[in-house]
Amino acid sequence: MVVGSLKLWTDLVVEGFQKSLRVGKFLCLLHAIDTYVCTPVLPYGPSMLPTLNSTGDLVLVERVSTWLGKVGRGDMVLLRSSEDPRKTLIKRIVGVEGDTVTYLVDPKYSDASRTCVVPWGNVWVQGDYIYNSRDSRTFGAVSYGLVEGKLFWRQIWPLKSFGSLHGKAKEDS
Amino acid sequence: MNLFGNAVPWRSIAKEALERTAIVTRFLCLLHVTNTYICTPTLVYGPSMLPTLNLTGDVLLAERVSHRLGKVRPGDVVLVRSPVDPRKSLTKRVVAMGGDKVTFVVDPRNSDRVRTITVPRGHVWIQGDNIYASRDSRQFGAVPYGLVEGKILCRCILMCIVASIVCIKRTPCSPMQVWPLDGFGLLHH
């Protein structure tokens with residue numbers, strides 16, 4: 001009697017293990033694609049207006065171009081923050097190594113502009129909404145090693161427009 | 001099978017080849033994942049970490065867990081992606097973390113001038129042990145923590161012997177360059 005139920009248990013355990021192995025393998029595959037091919041990102045913040053909304057956007061970031069070094073001026077990139085390594089930012093590359101960059105230091109309050117040369121191995125990133133963006137104008141040129149991916153699909157759908165049409169009339173003000 | 005005669009079983013050969021390839025690919029994937037997320041051997045050479053590390057090459061074991069948990073402290077030897085050439089990796093010692101003040105000799109070969117700098121938040125200050133022949137934070141400034149790729153655990157002495165036999169081309173140069181051995185055992189930039 002005991003031996004019978006023991007066999008049942010071992011069968012269950014083995015089956016559970018096999019199923020979780022499959023799930024594990026699938027998650028590994030997802031992670032590999034995420035890290036090496038392409039990953040979805042939910043950005044938030046006003047620094048890339050009007051290109052990206054403050055909230056509610058979903059973008060796709062591909063990781064192949066950074067490896068091949070095919071990231072250049074005008075590209076929107078995902079980069080690890082040089083001030084806080086736990087954060088990632090989305091900004092636009094304005095200048096690559098060797099470029100001379102002229103920028104407005106603080107456009108909200110003054111017209112002062114500064115010019116500098118981007119050092120080798122670095123890129124100059126700026127947010128599209130320069131009035132409210134912490135970017136290279138604040139923390140300087142960013143090492144290329146911190147660039148993690150390039151945005152290639154800006155908007156799959158704006159998530160805030162999803163949902164019932166009932167409230168939509170109120171939203172469109 | 002009809003085209004090539006009855007003797008050679010092409011289909012089963014192809015099937016077996018595919019299976020073998022799948023096994024090899026899975027093994028390489030496992031190796032790659034281990035190298036990226038757990039630990040990896042690296043071959044380092046150059047004069048900037050004398051006398052700790054050899055001029056003509058050492059095989060070191062670099063672990064890739066601590067830096068993700070933020071457990072990098074002053075005194076650790078770390079693997080860092082170069083801030084001036086993103087295709088190179090450097091091996092240097094962490095001297096100060098973000099927020100610390102660091103005092104260093106700017107150019108010990110030519111003068112005794114000393115400078116003190118506060119390391120910005122989110123950055124680390126790295127220096128080679130051989131300050132006379134090392135390109136490090138004294139030249140290119142504090143390095144963002146995001147560029148730290150691993151912490152050196154130990155030296156594989158047996159592998160050093162093997163490496164010195166197998167790898168013939170070695171030119172001492174500064175900065176200290178690292179050629180990470182990826183899962184395929186190849187040396188590449």
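A, B, ... follow the sequence lines: proteins, then strands. Residue 1 opens every chain.
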**Q** Answer yes or no: does atom CG of A/D111 have more than 12 heavy-atom neighbours from other residues, nucleotides or ligands under 6.0 Å?
**A**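 Atom CG in A/D111 is not crowded, with 12 or fewer foreign heavy atoms closer than 6.0 Å.
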**Q** For B/D112, is the CG atom crowded, meaning more than 12 foreign heavy atoms sit under 6.0 Å from it?
**A**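 No, because the 6.0 Å sphere around CG of B/D112 holds 12 heavy atoms or fewer from other groups.
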**Q** Would you give the length of the straight line joining atom NE2 of B/H123 to atom CZ of A/F139, rounded to the nearest 0.5 angstrom?
**A**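 These two atoms lie 9.5 Å from each other.
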**Q** Determine whether more than 12 heavy atoms belonging to other residues, nucleotides or ligands lie under 6.0 Å from atom OH of A/Y44.
**A**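 Incorrect, the count does not exceed 12.
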**Q** Tell me whether B/V119 shares a hydrophobic cluster with B/F104, the cluster being built from Ile, Leu, Val, Met, Phe, Trp, Tyr side chains joined at under 4.5 Å.
**A**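 Same hydrophobic cluster.
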**Q** Do any of residues 75-100 of chain A have a heavy atom less than 4.5 Å from a heavy atom of chain B, and if so, which, in residue order?
**A**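 Within residues 75-100 of chain A, the residues under 4.5 Å from chain B are A/R80, A/S82, A/E83, A/P85.
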**Q** Can you say whether B/S82 sits under 4.5 Å from chain A via the side chain, the backbone, both, or neither, judging by heavy atoms?
**A**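 For B/S82, no heavy atom lies under 4.5 Å from chain A.
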**Q** Quick check: is B/V72 connected to B/L61 through a chain of hydrophobic side chains (ILVMFWY, heavy atoms under 4.5 Å apart)?
**A**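 No, B/L61 and B/V72 fall in different hydrophobic clusters.
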**Q** Under 4.5 Å, counting heavy-atom pairs only, tell me which of B/P83, B/P144, B/C29 racks up the most with chain A.
**A**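 Top option by heavy-atom pairs under 4.5 Å: B/P83.
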**Q** Should we say atom CZ of B/R121 is surrounded by more than 12 heavy atoms from elsewhere, each under 6.0 Å from it?
**A**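 No, not enclosed.
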**Q** Within a reach of under 6.0 Å around OH of A/Y131, are more than 12 heavy atoms found that belong to other residues, nucleotides or ligands?
**A**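 No, the 6.0 Å shell around OH holds no more than 12 heavy atoms from other groups.
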